[in-house]
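Data first, discussion second: the structure below is written as structure tokens.
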Amino acid sequence: MTPTARPSAPSTGSQGPPPTQRNDALLQPGGGKDGRSMSAATSFSTVKGSMYGRSAGPPGSFASNVTTLPYSRTGDLSRLDVSNYTSYNDGSDSTSSEQRQADYRSRIDKETKIKIGTENLLEALNSKKEKQAREQRKVVESELNTSNRKIAQLKLDLEAEIRRAREQQPLSPKARLSQLFRSAPARAPEGLGVQLGDVAERQQDPELESPTYILAEILQALEVEDLRPDYYVGQANDLVELFRRHSNLKYDLAWSIFGLRMQMLLLSDSREVVAAGYRVMRYAITDRKSLQTIRALQTDYLVILSLVKEGKARVEREQALKFIRAFLDVKDGCSEIHPAVVRVIVAVADHSDDSLRSIAILTLAEMLLKDAQLVINAGGVSVLADAMGSGVYHAPEALIHPLLHLMDLPARRSMLRSGFEFSSAFATFTEPHGSHFEERLQASSRVIAAMFKSWPGLMTLSLHDFLPVRSVVSSLFISHESVRAATLGLLIDILRIKSPSWSATFIGGRRLTTYNRVGNLKLDHLESEKHQPEAQNDEQKRNLVEHFTAVALAVLLRHGLLKGLMYAESDSPTQGLKRQTTLLIAEVLRMSSELLPTNWSQGLQAMPGLLDAATRFGQEERFQALATVYQVDSINRTLYRSLNGQASTTQTPPPFGDDGSTARARATSKTQVNATMDAALFKQKMTDTGVLAGVNFLKWDWPLIQELVEGPMVNPQRFLEALKQEKFIHRLLGFLRPFKFRFSHEANTKSNQRYVRTACSLVKCMLQHQEGYQYLSSSKVMPQLAECLAQLDPASGITSQTNIFDPQKLSEKLVGGYFTMLGVMCRDQRGIHILIRWRIINMFYHIVELKDRDDLIRALLTNLDYTLDSHPRIIVSKAMIAGSKVMRITATRMLRKYALMPIQTQTVVGGGAAEWSIRLLVGQLYDPEIEVCEVAIKILEEACNSLTSLEYVVKCRPALDHLGEIGAPLLLRFLSTSVGYHYLDGLDYITKEMDDWFLGRNDTYVTLVEASLARALATDVPTEKPISGGLNDDQLEPTSYYSSVPPHFYRELTRTAEGCELLKAKRHFEEFAATIQDFAMEDEDPETILKVKGCLWAVGNVGSMELGAPFLEQTDVIKYIVLVAEESQVMTLRGTAFFVLGLISRSLHGQEILADYGWDGTINVMGEGLGYTLPLDFNKLFSLRPFAQAGKDRRTSLIRTRPAGTVTDADPTNAGILASIVKLGNTVLTNKALAELSAFKHKKVPGFRSVRLFKKAMLVLAGHGYGIPQWRFVIDLFEKEVLRKIVLEEEESDDEESEGSEDEAGGMERTRSGT
């Protein structure tokens, strides 16, 4: 075999002859890795007579002609790729490896000393003047970067050498796991060396290779027996790679040959070979027929045998489980999984110490969705229920969804016993505290929250008179700190309460009176948000998530939530939990007043029991009750003061007169007081900042500096004093100069953002004054910044080895703050003039053309301001056309801020920011990348919430035919105005789209709206974060896209009189109403249920408009919608009807009709409906037939699959063995059964060599719930040859063969209940 070339060894102090004398040696090159000369200052020690070339410069110099070195590292043979060759053992590998590792460490030490010396030299040069030491500093910095690269490479080489040395040692079973499935070819036998070499050579080019020929070669290579396991693993890996390269090859397999090779792999004694066999079989699966062919190879027995093995066979067990999971990816593949295999997976999932327990639990959950009866018969539901509350699974909330899927339809619901399968998660809060109690609490909280976030889950919670809900509320009466904290967190998650920014500090103990400045700190953000369009349509008011939250809140309040919170507040284990409870009480009262009808909330605002206790004079409880009332009132007032804190989820207007003007007035008055500061006090404050005392910016008082810049320096007189009489502004600008390496070398941390904020305030202040504009224009900051940007501009001709805007510094240093400063300058015409003077604008045009600096372009585009009609608008439009795909998406998202601004009625030169951004977004609809078009569509759709913006978008006349379904939502928006209606009617769009929705799009809409609701409910509510200076992609994304009702064609059509006339002429509404009337109580056929849901959404969207009232009156459809919401046994259908009633309550006429049927809607202070409605008799919404009644007429049986009759045998010994196996399932008789079976094994009874008895034993084990130890013990009793006979179907004696065939036909065949 050809020896493998080793990685290059480090120098050992002497150098070999040149290549002309020794061609068979791998030489150590003379040049450095980066091409540095081996000068006296940087080279390693070498002996006399070294043949390496030296640089022509004097000793200690840095050579510029490094390319003239005779042997550079770029041409070194030691850098050849030798990863595809195996190692060659010459007998001295361990010794030479230790020597190489020692030499690597020696070289790292030497290079580290060189680095330290270079850093010292750089510090000395920093103390010199900039102009004198600039060139020397560049050379030293280059040398320092080279040393860092060499050290990093040497460390990588050392790690590679250590790893190679370990690979040559015998590996432990755990260490071998990471080495199994490598793509490198394994060692082949001598007879097949040339043959496999040809195969590997052909595999280098997939287009030229013949897959069938390679497959035949690999299968022929697998015929060789008695080789090392690594050989078979390598061949199996090659086979998998072949299937990956040629995906159609698996459809043409000759299973008579291929299956035999796989059987031999699976029967191997090596665990790794068996695992490789499972992996190949997994990649050979195509459809259900292939699964049947694979099962005919007796893989069921092999999988069972692999899964019951001990933990040291992890790789084999893992691949066996993955093999079974591959069945789930095939249509109807779950039907090919044998019940005995499912029994073993249940046993793995129920085994506490099994390393594959999590993946087994996940597999059972997926099987429950595919074939519920199969998992239920195997006892998997109880295992999943225990996993939800025990904390053993890392995502317990994912396990609740398959169970809730079963609860939806009555036919599936009857498969479960009584609905108590979910009780384990609720029991954690009240059961005794044991080990891992915190983890179990967290897991249970996530499961309960998931149930509260879906309609089937909420309906399930109503079982047994809302017993689970009462259990959650009763947990508030438990004083244990962990339980109380988990319960409060659970309630906050269920009610989707967005914690205000000051909640953490309030819970920590701060007083609420300190939050007056919260509104002042966010005035800038308020100024930017005041341009946001008012919701002229009711998109936010129709928020499905908040309608669902209103029901969850009503359920909790109906079962004593407020009473429990009052008790928890009075009996809190810690002060922090007490404050958190008070905050939760205030939030519950606020939400009840906004989301619930008046008859629900009017009694809650008086806080029953608390005010009574506060008025009981002479009792000590009175003072505590008074404190609670005061705290709740203070929190409510603070919530209104911090306008950007916990905003109203329904976007209802703030109280009259409280629109933020008071907070702005306070901030304005404070600024005016600071601006009128006298000269003496101003000078004293400048002295207190420390700026005048020295240039060490770390000693400056930055909060005071920012206060002076934003306050007194607004006054022209104070500004002139700071500019001319003192060095205040001069030193601040000196700190910002790039070549001072102060601001630009600071780390990009949260605390250092104060430098950026102060710099932006200073630039903004200077541009407000003529003197400041002139001083800034002539200062050294701008030309130095222009020089740094010119180094990035290919057209400037200026280059530098080290630039402050390189990718690493841009992400790690504060240099990105320069773009924020430039963005502030773009807001003012004076700032634009400065940028034009120093050609910075010209450089911007060239920077956006760079192909490899998306990070730089993103920093530029997201910080520039585009309010003025100037160069920045042209720059961003250029980036949206000529930039990369990522940059075009980023630039398009950035326009959202400007597209949502109101359209200006007066004429503006160049157009307002909103008109400009809308025109650009319309242009982006023709981008070749569909992702860019999607972003533009979403932003335009959101901008169309404003009527004036919608009319302007229609005026742009966008063509959306080429976008298909992506452009449909925007076209639907056009229907809401007469202008848009006539525009679309001219395109013949309305009639075609209407027929399309009537014939099938209604059903598609159901899937869309349910997916949007599920995603919105599953998304955690983020805690409010402080306002940052820059923008990122998350801030550019719309935040409420998934929480509102997606646009519906019939709703947009009903906005105009012309649309109502068309709907009346087509008579579609009458068809929808007739479908709802005919199939309101359907609970079996999924297709019919989907059709009814689509009709419900269509009727609800039409009825939500005032112009849709006549349609509701003519058909009397609301009667049947209320019937579905109150009596339907399909949980999701009932939830759809509930949401539709909420849509109908949006209109005044709809509320009047709902009142006649006993449903009350929520209105605001103006008497307008908010789209939230609840029945006056709340129990009607959750009336559900008991399980027994729901499954009374069903044929599905709850009896698990058991073997027909008792499994026995004519042979008394074999019958005794089977009886002992049965006893293993009895805890009392387990020890006795183990002793009996061990005695049979000791006697070497012939039954343990019988295939017939083995199959009967498998039949017994498959019919009962045995654990993994019992499975393993029974299988280990039999000889290994038994399994080989079963798999290879070898013949036994005549009597055994006849009886065995009969048992096989009735034994391991699958049986189903109800069939």
Side-chain angles (χ1 to χ4, degrees), residues 83-84 86 167 171 173 175-189 191-193 195-200 202-204 206 209-247 249-286 290 293-294 297-299 302-303 305-307 309 313-326 1284 1287-1288:
S83 61
N84 289 333
T86 52
E167 289 175 357
L171 297 176
R176 296 184 68 179
L177 290 178
S178 61
Q179 304 293 332
L180 280 179
F181 301 128
R182 295 178 297 174
S183 60
R187 189 175 175 183
L192 296 175
Q195 185 181 15
L196 294 182
D198 295 338
V199 174
R202 284 191 297 271
Q203 288 177 351
Q204 299 299 323
E209 66 183 5
S210 173
T212 55
Y213 178 76
I214 297 176
L215 175 63
E217 294 293 332
I218 295 177
L219 294 179
Q220 183 180 357
L222 288 174
E223 289 183 5
V224 184
E225 299 180 357
D226 300 331
L227 295 178
R228 292 180 56 186
D230 293 344
Y231 167 73
Y232 298 104
V233 172
Q235 297 300 324
N237 291 341
D238 293 341
L239 199 53
V240 169
E241 292 299 326
L242 184 64
F243 285 146
R244 285 179 173 178
R245 291 195 303 270
H246 305 278
S247 57
L249 182 62
K250 56 187 177 183
Y251 293 95
D252 302 325
L253 291 176
W255 280 97
S256 59
I257 302 175
F258 182 81
L260 180 61
R261 299 293 177 269
M262 295 302 102
Q263 284 179 324
M264 299 307 298
L265 290 179
L266 296 178
L267 289 173
S268 173
D269 294 333
S270 172
R271 296 188 292 268
E272 291 80 7
V273 175
V274 177
Y278 284 126
R279 186 166 179 249
V280 175
M281 296 279 280
R282 176 158 50 94
Y283 278 91
I285 294 175
T286 56
S290 67
T293 304
I294 290 174
L297 302 176
Q298 307 299 332
T299 54
L302 294 168
V303 168
L305 179 63
S306 298
L307 289 178
K309 287 186 178 180
R314 175 185 171 88
V315 61
E316 177 184 344
R317 301 176 71 236
E318 180 179 337
Q319 290 298 326
L321 196 51
K322 286 183 177 180
F323 171 67
I324 295 300
R325 287 179 56 82
R1284 186 179 184 89
V1287 174
L1288 299 180

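Just so it is clear, the values below take in all heavy atoms, side chains as well, and ignore hydrogens, waters and symmetry mates.
With sequence neighbours excluded, the residues forming a salt bridge (Lys or Arg N to Asp or Glu O under 4.0 Å) with R325 are E366, listed by chain and number.
Within the model, atoms OG1 of T286 and CG of L249 stand 11.5 Å from one another, a figure rounded to the nearest 0.5 Å. Interatomic distance, CG of L219 versus CG of L222, reported as 6.0 Å (0.5 Å rounding). The line from CG of L305 to OG1 of T299 is 12.5 Å long, rounded to the nearest 0.5 Å. Between the OH atom of Y251 and the NE2 atom of H246 there is a distance of 15.5 Å, given to the nearest 0.5 Å. In this structure, CG on L227 lies 9.0 Å from CD on E225, to the nearest 0.5 angstrom. How far CZ of R245 is from CD of E241: 6.5 Å, rounded to the nearest 0.5 Å.
Nearest heavy-atom pair, L242 versus P211, reported as atom, atom and distance to 0.1 Å: CD2-O, 3.8 Å. A pairwise comparison of heavy atoms in R282 and A326 identifies CG-CB, 3.8 Å as the closest pair. Taking every heavy atom of both residues into account, G259 and L297 meet most closely at CA-CD1, 3.8 Å. The shortest non-hydrogen separation linking F258 to V280 is CZ-CG1, 3.7 Å. Scanning both residues, F243 and A284, for their nearest heavy atoms gives CE1-CB, 4.4 Å.
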*List the steps and the verdict of side-chain contact (heavy atoms from CB on, under 4.5 Å) for I214 and D238.*
CA-CA 9 Å; I214 297 176; D238 293 341; over 6 Å; no
*Under the side-chain contact (heavy atoms from CB on, under 4.5 Å) rule, what do V240 and R279 come out as? Steps first, then yes or no, please.*
CA-CA 8 Å; V240 169; R279 186 166 179 249; 3.9 Å; yes
*Evaluate the side-chain contact (heavy atoms from CB on, under 4.5 Å) criterion for residues Y278 and L321: first the C-alpha distance (whole Å), next the side-chain angles of each, then the deciding distance (0.1 Å), finally the verdict.*
CA-CA 9 Å; Y278 284 126; L321 196 51; over 6 Å; no
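A distance-only check finds a donor-acceptor pair linking the side chain of R317 to the backbone of K309 [under 3.5 Å]. Remark: the backbone N or O of L1288 is not paired with any side-chain donor or acceptor of Q263 at under 3.5 angstrom. Although no hydrogens or angles enter the test, the distance criterion places no donor-acceptor pair under 3.5 Å between the side chain of Y283 and the main chain of K250.
Residues R261 and E223 form a side-chain contact, since some pair of their non-hydrogen atoms from C-beta on lies under 4.5 Å apart. Side-chain atoms of I294 and M281, non-hydrogen and from C-beta on, do get closer than 4.5 Å to each other. Here the side chains of M262 and L239 are in contact, with some heavy-atom distance below 4.5 Å.
Between V274 and the choices L267, L265, L266, the side chain to side chain contact (heavy atoms under 4.5 Å, CB included) rule is met once, by L266.
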